[in-house]
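Below, chains carry the letters A, B, ... as their sequence lines are ordered, and counting in each starts from 1.
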Amino acid sequence: MSDEPVTMPEGEDAVAARRAAEALIVDVDGYEGPLDVLLTLSRTQKVDLRRISVLQLAEQYLAFVERARALRIELAADYLVMAAWLAFLKSRLLLPPDPTEEGPTGEELAAHLAFQLERLQAMRDAAARLMGRDRLGRDFFARGVPEEVTMKRRVRYTATLLDLMQAYARVRTRDEFRPYAMEREDVLTMQEALEALRPLIGYAGDWRRLSSFLPPEWRGDPVRRRSATAATFAAALELARQGAVELRQEETFAPIEIRRRGERQ
Amino acid sequence: MSEERNDREKGRAGAGEPGLFQAPPMAEQERMVEAMLFASAEPLSVAELEARMPMGSDAAEALQHLRRRYEGRGVRLVRVGERWAFRTAPDLGFLMSHEVVETRKLSRAAIETLAIIAYHQPVTRAEIEEIRGVSVSRGTIDQLLELEWIRLGRRRMTPGRPVTFVVTEAFLDHFGLESTRDLPGLKELRAAGLLDSRPLPGGQAEEEEDGAAPGQGEMFDD
Amino acid sequence: MSEERNDREKGRAGAGEPGLFQAPPMAEQERMVEAMLFASAEPLSVAELEARMPMGSDAAEALQHLRRRYEGRGVRLVRVGERWAFRTAPDLGFLMSHEVVETRKLSRAAIETLAIIAYHQPVTRAEIEEIRGVSVSRGTIDQLLELEWIRLGRRRMTPGRPVTFVVTEAFLDHFGLESTRDLPGLKELRAAGLLDSRPLPGGQAEEEEDGAAPGQGEMFDD
């Protein structure tokens, strides 16, 4: 960004004026936004930022935008928004205040713009002072050979009483430590059913319902009963396959009946 | 040293004190702090020092003694925010051309953004943009975050809960500042009202700024 | 420092000496050597120091002064071959290792073994294994011994005379128990909801619980 004051006299020094204008426009990307342009323009007034003539500033800026457009150079929306706002501000400053109108007065808006410009300038000065300070790694230095602080890790183990009790409960219920196996408590295996059925079948010369062969202790609980029924049925099939028994069923879902084979009456 | 050692032994031997062991004498604590800070390139806090010292040590007091001892020397004990570090005296920078680390040049946008964050912290991105009159590119913030000169502060309790930015201890260390209160010209800027967030008269669209004033107060008030 | 600076200016101003400029006063040279050695990543020789110092400086002499200045301090100026460097005083080496205490939960195997010892003491390793249903690693027992939560009890008067394990006072302390008899029984564990994970089918679990109480009684009878 050029620090030279930007003036745009009409007529005479047309070349210089155009160059100044072009510098501005061509550098429009170099500017950090419309506030930056305004700050640059305000410097031509060579007064305290708090006392700049916002009206004059608005005129300079509008002229700048006008020239940019005359040169068919596209301006970013930010710049045009600022131009529109400054035109509005200019009208407010020029016209006598309308007491019926809401919102801030032209003076208030102008004062705010002056504040913004002053604040931006102040931040730039502050940034320059900051960067001008003695800096680490350039003007002052840290230790060249920092010594490694070795981290000795000491592990402290903890457990709570709850952990202890839960652990014991876990062990005692064995619900997680036993090698995995199906719970067999309520399952009558076919082998067991076969062993139960085989001695009984000797007495069954007549057709009898298969359900009557369920071991008595497996009849009450429905879960146990289901398992025993399935096992006994499978055992009966096995005995039939071996030729020891005959099976029959009157119709679908009717009770299955069983009798010893070979001894017809 | 042998004398100091003897003192130390005596100090330790003294029983009947509140602690289990009595802390070593201050001269010895000063040596310890000196050694730890000398060995570290990074600033260390009182708590970090005391964590490595014998029980009952008072690193803060040892630091005061040590700071005085190094006044005017080629190496100085400096405070960096809540931490302490040895740094070479800035007037001897000319001897250090060998140690200079070439740093990436910061863009103007980055420098200004950094200054705005330092002087206005905690500050939102919208506020930075309002002050600069131009949008702040993601890259600028990223660069400052990467340098670890800024970090995220608390979210602003305004609609949208925008994040704020604050400067770090690494920032203070780099620019040789004890705290953000020592930023050059801070008092004058504040007196001139240039650190106030002054909403646009009529208050259009700048509501977000309202939250800024108390935030700043928190940060800089003594 | 300002005094030293003045000296330095005077030193420099004095013309008509052999060199083009007079060397800075020794105190200033000492500061320079101090700063260079502090910031350098490597030890520096007299020649290297002097190459960076103003003409006519005597780094060797400055080193002698500096060495004396650091005698008995937390940091010492040491000679490394032909070069010089600052090093932490050897007696403060302990500060350069930072002990971090990390709290970790006891492993499942360890806590279960511990629980079995607590509930069944004195108990042999074979018994622990029978109760847990898996073998107990040497490491687990060692860890508990090291923590001083268990110790060896009397040998069992059975073939092989196996060692038994019992819990210690430290164990009671840690778990806030007056005695192992304060440990809740299985019924209480269930009442407290600690056993609610998949109770065993049928009445077996109940039986087991019932069995636990007398078992425990035996175990803990003195």
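A pairwise comparison of heavy atoms in A:M131 and B:I111 identifies CG-CG2, 3.6 Å as the closest pair. In terms of heavy-atom proximity, A:P146 sits nearest to B:A41 at CB-N, 3.7 Å. Between B:T88 and A:F140, the closest heavy-atom pair is O-CB, 3.1 Å. Heavy-atom minimum distance, B:D173 versus A:L136: OD2-CD2, 3.6 Å.
The side-chain contact (heavy atoms from CB on, under 4.5 Å) test with A:R119 singles out one residue from B:D196, B:I131, B:L195, and that residue is B:I131.
In this structure, B:E48 places its CD atom where more than 12 heavy-atom neighbours from other residues, nucleotides or ligands lie under 6.0 Å away. Within 6.0 Å of atom CD in B:E82, 12 or fewer heavy atoms from other residues, nucleotides or ligands are found, so the atom counts as exposed in its surroundings. No more than 12 heavy-atom neighbours from other residues, nucleotides or ligands sit within 6.0 angstrom of CD on B:E148.
Counting heavy-atom pairs under 4.5 Å between each of B:P43, B:G185, B:S135 and chain A puts B:G185 at the top. Chosen from B:G133, B:A39, B:S40, the residue pairing most often with chain A at heavy-atom distances under 4.5 Å is B:A39. Put simply, of A:A122, A:A128, A:A127, the one with the most heavy-atom pairs under 4.5 Å next to chain B is A:A127. Of the listed residues (B:V134, B:T113, B:V78, B:L114), the one with the most heavy-atom contacts under 4.5 Å to chain A is B:V134.
Counting only heavy atoms from C-beta outward, the side chains of B:V75 and A:R143 never approach each other to under 4.5 Å. The shortest side-chain heavy-atom distance between B:R132 and A:M123 does not fall under the 4.5 Å cut-off. Within the 4.5 Å cutoff, the side chain of B:L95 has no heavy atoms near those of the A:F141 side chain.
Residue B:A85 does not touch chain A at all, counting heavy-atom pairs closer than 4.5 Å. For a residue to count as touching a neighbouring chain, one of its non-hydrogen atoms must lie under 4.5 Å from one of that chain's; by this rule B:L189 touches chain A with the side chain only. For A:R133, the part sitting under 4.5 Å from any heavy atom of chain B is the side chain, from C-beta outward, and nothing else.
The pair A:D36-B:R108 meets the salt-bridge criterion, with a side-chain N (NZ, NE, NH1 or NH2) lying under 4.0 Å from an Asp/Glu carboxylate O.
Atom CD1 of B:I116 is separated from atom CZ of A:R124 by 8.5 Å, given to the nearest 0.5 angstrom. Summarising the geometry, atom CG belonging to A:L130 is positioned 8.5 Å from atom NE2 belonging to B:H174; distances are rounded to the nearest 0.5 Å. Rounding to the nearest 0.5 Å gives a distance of 11.0 Å between CG of B:L92 and CG of A:D139.
The side-chain contact (heavy atoms from CB on, under 4.5 Å) check on B:L147 picks up B:L106, B:W149, with sequence neighbours excluded. Looking at residues two or more places apart in sequence or on another chain, you find a ring-ring contact (aromatic ring centres under 6.0 Å, His included) between B:F38 and B:F86, C:F38, C:F86.
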